[in-house]
Amino acid sequence: MVRRWFWIPGLGFLVLFFLLPVGAFLLQSVLDPGPTFMHFERLFEGRAFWVSLGNTFRISITVTLICAVIGFLIALRIATLQRPYANALLVLIVMTVWISLLVRNYAWMVLLGREGIISTSLVALGIFERKTSLLFNEAAVVLGMVHVLIPYMIIPTYAAVQAIDPALLRACDSLGARPAQVFSRVLLPLSLPGLATGCLLVFTLSLGFYVTPAILGGRGQTTLTMLMEIEVNEQLNWGFAAAHAAVLIAITAVLFFAYRSKFGMDRLWGQEL
Amino acid sequence: MTSESDRSRRDVLILGAATALVGAGLAGPAAAELKTVVYNNSGGASADAARAAWGGLMRDRASSNLLVTAPASVARLKAMIQARNVEWDVAELVSQEHKQAIRESMLQKLDLSVIDLSHTPDDCKDEYSVVYALYSTAMAYSSKIAAAKRPGSWAEFWDVAKFPGRRALRNHPVDNLEFALLADGVPKDKIYPIDFDRAFASLDRIKKHIAVWWRDGSQPAQMLIDGEVDFTSGWHGRFFALAQKGETGFGVQWNQAMLKRSWVGVPQGAKNPREAMQLISFMIDPTASAKYAEGIGYICCDARANNHLPENVRPWVMSNPAIAELTVSANEQWWLDNGELAQRKWNDWIVT
């Protein structure tokens with residue numbers, strides 16, 4: 001009976017290389033140096049934590065919504081293509097994930113800078129009066145993150161969209177549905193599970209983003225991960241850093257379980273929709 | 001929708017798996033007949049300078065290959081010691097980090113039979129570590145700004161009316177609290193202990209005029225060259241390295257630069273302690289240290305090293321008397337005792 005034990009290596013790997021180290025790190029939030037709630041007390045009384053928590057969520061929600069709209073449109077378009085074209089496009093989209101995040105973010109620094117092509121072109125066109133830096137603000141951070149995260153939205157959404165039976169659309173046609181109705185009563189509801197999976201992936205990845213807000217953002221885009229980096233790397237205050245992580249993981253877990261109760265877990269693994 | 005209903009979800013899963021299988025970069029050091037001694041430092045120009053200055057000495061006199069890794073991180077050192085797998089033989093510890101490392105018993109005592117500390121001033125050495133690089137956090141300006149319009153002090157940097165231009169500072173309390181007090185008129189020998197209220201009140205005045213709060217040491221020089229900002233603080237070695245390459249887009253103002261010290265030590269559990277001690281002896285050797293300075297502009301505390309400097313490097317080292325009298329010495333003990341509190345106050349201040 002293969003099925004009885006086939007999950008053991010996977011589970012063992014997860015426990016050994018994920019649950020144990022993450023658990024040991026999180027425990028430091030209440031055990032460093034001795035049993036204590038000091039780290040959480042200090043976390044909740046500092047202004048930096050609440051403001052960065054707000055920044056983290058505001059940025060993550062914006063990124064997720066923009067990815068959802070753009071990702072859905074791209075997935076719809078790809079699904080209408082002939083298979084070879086669709087495959088080629090999907091490969092291209094996935095390949096962008098192979099390019100280093102740093103490279104892609106620094107590319108935006110070049111493009112959006114005061115002497116960058118966007119600023120200088122806008123001046124040449126007379127839209128800007130003088131060269132202006134478009135960096136170090138929330139729009140730059142959101143742009144950089146959408147660029148990096150959009151494949152995680154397109155792939156699951158596409159999986160849902162391409163599974164829609166074309167006969168349904170023909171039926172809509174023959175029954176005289178207007179395009180808006182086809183969209184709102186057939187396409188969107190049937191794509192929703194894939195879209196929800198994409199949103200969950202993009203949102204949770206956004207919560208943990210560090211590099212993009214750090215290099216494209218200003219002080220108004222200070223995120224929780226940036227505070228954690230300082231505590232881990234500079235202050236050596238791992239208990240305090242673990243408290244940050246515990247809060248972020250707790251919030252992510254709540255969202256994850258909310259998703260599960262609404263859509264079921266199997267969607268995330270890509271089993272039958 | 002595609003009418004090919006046989007289009008399997010497996011295609012999609014394979015794509016998804018490909019998405020997940022990224023970033024597994026494989027890099028292994030090439031096998032060598034010589035011993036490999038690992039020196040962990042700040043990376044970039046300082047890594048190149050380290051290889052050029054000490055690589056040959058390590059091969060000839062210690063039968064070792066010098067492998068330089070980065071970045072300098074006392075946090076990683078702590079993690080390696082806890083995991084009982086110390087990869088570094090020599091660790092760079094910037095400013096008060098060496099005190100942190102000593103406090104947490106991360107370092108071995110220096111082997112004085114190998115390392116000659118007799119020419120190193122007392123404030124540049126202790127039982128466990130020694131200063132190998134004097135450097136500074138200095139103000140730099142874009143060459144496009146006319147000479148009369150370049151700030152000559154932190155008070156002038158704060159004066160946005162008289163010295164218009166886009167400004168950048170590091171997103172960090174270190175150095176900035178000192179700059180804020182200097183800007184507010186505190187004499188340079190009265191900075192410590194830092195008065196937080198006064199420093200942050202002074203920072204409040206400049207806050208909205210700072211276009212960029214930089215985080216990475218490579219940013220300041222790059223931002224000046226790119227025209228992103230006109231004035232910024234920055235580590236002088238980065239400016240030096242680019243200036244040596246012929247870059248003329250910026251200049252450095254030495255007045256009121258913060259003089260900093262970078263230390264080296266041998267971690268507990270280092271695999272090649274003997275060779276590590278030899279490496280440290282080269283790092284504070286006058287000739288070899290001058291050679292290092294040619295690459296990065298940082299030099300050891302032994303005054304004799306200055307005699308070995310080429311003419312074009314001399315105006316860049318902190319042991320040059322003409323520069324030394326302009327700089328302000330950072331107080332490592334104050335930062336060791338107050339760094340955590342300063343960071344917390346800074347975090348609360350910077351986000352609003």
Side-chain angles (χ1 to χ4, degrees), chain A residues 42 46-49 51-52 55 79-83 86-87 90-91 93-95 97-98 100-101 109-110 113-116 131 133 135-136 151-152 155-156 158-159 161-166 168-169 214-215 218-220 222 226-227 230-238 269-273, chain B residues 1-7 9-23 25 71 73-79 82 97 100-101 104 166 168 171-172 174 207 210-216 219 222-223 225-230 339-340 343-352:
Chain A
R42 206 217 272 172
R47 194 167 35 179
F49 168 73
V51 176
S52 337
N55 292 343
T80 59
L81 293 174
Q82 293 286 318
R83 187 167 171 172
N87 276 346
L90 286 173
V91 166
I93 287 165
V94 172
M95 267 170 61
V97 181
W98 297 350
S100 156
L101 178 85
M109 291 194 80
V110 175
R114 187 160 63 155
E115 302 286 339
K131 285 186 239 172
S133 174
L135 285 169
F136 312 116
Y152 298 95
I155 300 301
Y158 172 74
V161 170
Q162 65 88 37
I164 297 173
D165 187 346
L168 284 175
L169 301 183
I215 71 173
R219 58 184 184 83
T222 308
M226 282 147 89
L227 294 184
I230 294 166
E231 296 305 328
V232 170
N233 276 334
E234 291 188 33
Q235 298 298 328
L236 295 195
N237 203 339
W238 294 0
W269 319 137
Q271 286 167 17
E272 278 313 308
L273 291 166
Chain B
M1 304 304 103
T2 172
S3 55
E4 292 166 286
S5 53
D6 67 332
R7 181 173 176 80
R9 187 152 300 100
R10 205 173 51 193
D11 290 9
V12 176
L13 279 178
I14 289 168
L15 286 164
T19 315
L21 279 174
V22 293
S73 163
V74 70
R76 276 205 62 197
L77 179 59
K78 179 178 170 175
Q82 276 182 4
E97 279 179 3
Q100 235 167 335
E104 301 195 25
R166 273 168 68 85
N171 190 339
H172 206 279
V174 163
K207 193 178 195 175
I210 301 297
V212 187
W213 294 94
W214 60 270
R215 294 176 166 275
D216 186 80
Q219 274 177 285
Q222 196 58 48
M223 290 192 297
I225 295 169
D226 292 347
E228 190 64 36
V229 297
D230 302 308
E340 198 184 329
Q343 183 74 59
R344 236 186 308 153
K345 284 177 181 287
W346 178 270
N347 289 349
D348 284 346
W349 178 81
I350 196 83
V351 295
T352 47

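Order of the sequence lines sets the chain letters (A, B, ...), proteins ahead of strands, with each chain counted from 1.
Closest approach of A:W238 to B:Q82, counting heavy atoms only: CZ3-OE1, 3.8 Å. Shortest non-hydrogen contact noted between A:V232 and B:A75 is O-CB, 3.1 Å.
Here B:G227 is the residue among B:G227, B:G339, B:P71 with the most heavy-atom pairs under 4.5 Å with chain A.
No donor-acceptor distance shorter than 3.5 angstrom exists from the side chain of B:D348 to the backbone of A:G46, with no hydrogens or angles considered. The backbone N or O of A:R114 sits less than 3.5 Å from a side-chain atom of B:E228, completing a donor-acceptor pair.
Taking 4.0 Å as the cut-off between side-chain N and carboxylate O, A:R42 and B:E340 count as a salt-bridged pair.
Neither the backbone nor the side chain of B:R76 has a heavy atom closer than 4.5 Å to any heavy atom of chain A. In this structure, the portions of A:L236 lying under 4.5 Å from any heavy atom of chain B include both its backbone and its side chain. Heavy atoms of B:N347 lying under 4.5 Å from chain A belong to its backbone as well as its side chain. Interface remark: B:E97 contributes no atoms to any contact with chain A (heavy atom separation under 4.5 Å). At a 4.5 Å heavy-atom cutoff, the contact between A:N237 and chain B is made by side-chain atoms alone. For A:S133, the parts lying under 4.5 angstrom from a heavy atom of chain B are both the backbone and the side chain. With a 4.5 Å cut-off on non-hydrogen atoms, B:A211 touches chain A through its backbone but not through its side chain.
A heavy-atom distance below 4.5 Å is found between the side chains of A:E234 and B:Q343. Residues B:D226 and A:E115 fail the side-chain proximity criterion, which asks for heavy atoms closer than 4.5 Å.
In terms of the side chain to side chain contact (heavy atoms under 4.5 Å, CB included) criterion, residue partners of B:R215 (sequence neighbours excluded) are, by chain and number, A:A214, A:M226, B:N171, B:Q219.
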Where do A:V51 and B:T352 land on the side-chain contact (heavy atoms from CB on, under 4.5 Å) test, with the steps shown first? CA-CA 8 Å; A:V51 176; B:T352 47; 3.8 Å; yes
Quick one: do B:K207 and A:R219 satisfy side-chain contact (heavy atoms from CB on, under 4.5 Å)? Show the steps, please. CA-CA 10 Å; B:K207 193 178 195 175; A:R219 58 184 184 83; 3.3 Å; yes
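For the atom pair B:W346 CH2 and A:I230 CD1, the distance stands at 10.0 Å (nearest 0.5 Å). Atom CZ of A:R47 is separated from atom CZ of B:R344 by 13.5 Å, given to the nearest 0.5 angstrom.
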